[in-house]
Visitor: 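Below are the structure tokens for one structure; questions will follow.
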Amino acid sequence: MLLLISPDSVDEALDCAKAAEHLDIVDVKKPDEGSLGANFPWVIREIRDAVPADKPVSATVGDVPYKPGTVAQAALGAAVSGATYIKVGLYGCATPDQAIDVMRGVVRAVKDYRPDAFVVASGYADAHRIGCVNPLALPDIARRSGSDAAMLDTAVKDGTRLFDHVPPDVCAEFVRLTHEAELLAALAGSVKAGDLGELTRIGTDIVGVRGAVCEGGDRDAGRIQPRLVAAFRAEMDRHARDYAATVATAS
């Protein structure tokens, strides 16, 4: 399981750089513009320069409307700015066809510029609250659009979490469908260290966190702390070892 950490500034990215050995992907977002709020191109560039060259930089394009051309241009801008993982929050897509339309434009725009870029179709565990596509539709949307991964996050940051809206058994189905499509499955949404056992068991490929590694657990007012990143990674590794041992015993 890969650990994706989301700083919202260059200063926080420098803190991530101090903990680079404990994380896999640095994700640039702007939390005050939404769950997957897009940051400025120059911030993406500065963060790309601030973190080790061997750490991929991801950038969110935003909680986007159903405007395929607009979103494709935004996604290309993120790639030009130095991101190699491009995440699109399909906030304004009410149907799978609309979501596929948006993501096909993103995939073409990004991969025409950089074929090795990694495109993530992101939906929301609390989709019922905002009227966007069902979480279990995401794997097929990602597959049909040519994306590389399907992701679930939470749209409304009100203290509710991923498993509050999509229980572990439904998350497991999301991961299974994503793997059947030969894509990576990413899960986020106020994920805590206590969720890692379930996330490991169901085969999550990428776990995204912010609040869990911020001072006071506060994604907005808190700041990412290298020691909390290290502690979170240690818990990830412990659960991976425990699960591997369980599987080995069962076999």
Visitor: Could you check whether any side-chain N or O of R161 sits under 3.5 Å from a backbone N or O of S190, counting only pairs where one atom can act as donor and the other as acceptor?
Guide: yes
Visitor: When you check the gap from the basic side-chain N to the acidic O, do R223 and D218 get nearer than 4.0 Å?
Guide: no
Visitor: More than 12 foreign heavy atoms under 6.0 Å from CD of E33: is that the case here?
Guide: yes
Visitor: Keeping the roles fixed (side chain from N39, backbone from V28), state whether a donor-acceptor pair exists under 3.5 Å.
Guide: no
Visitor: Taking the side chain as every heavy atom from C-beta outward, state whether L4 and L23 have any pair of such atoms under 4.5 Å apart.
Guide: no
Visitor: Step through the shown structure and confirm whether more than 12 heavy atoms of other residues, nucleotides or ligands are within 6.0 Å of CZ on R108.
Guide: no
Visitor: Is it the case that the side chain of K111 and the backbone of A117 share a donor-acceptor pair, with hydrogens and angles ignored and the cut-off at 3.5 Å?
Guide: yes
Visitor: Indicate whether the side chain of H165 and that of T154 have a donor and an acceptor atom separated by less than 3.5 Å.
Guide: no
Visitor: Of the non-hydrogen atoms in G222 and E12, which two are nearest, and what is the gap between them?
Guide: O-OE2, 3.8 Å
Visitor: Taking T204 for the side chain and T200 for the main chain, is one N or O donor matched with an acceptor at less than 3.5 Å?
Guide: no
Visitor: Any chance the side chains of D205 and H179 put a donor and an acceptor closer than 3.5 Å?
Guide: yes
Visitor: Measure up the Y124 and Y91 rings against each other and bin them: parallel (under 30°), tilted (30 to 60°), perpendicular (over 60°).
Guide: perpendicular
Visitor: When you check the gap from the basic side-chain N to the acidic O, do D8 and R210 get nearer than 4.0 Å?
Guide: yes
Visitor: Within the 3.5 Å criterion, strictly below it, is a donor on T160 or D158 matched to an acceptor on the partner's side chain?
Guide: yes
Visitor: Any side-chain to backbone donor/acceptor pair from Q98 onto A94? Under 3.5 Å, distance only.
Guide: yes
Visitor: Please answer whether the main-chain N or O of S35 pairs with a side-chain N or O of D153 as donor and acceptor at a distance below 3.5 Å.
Guide: no
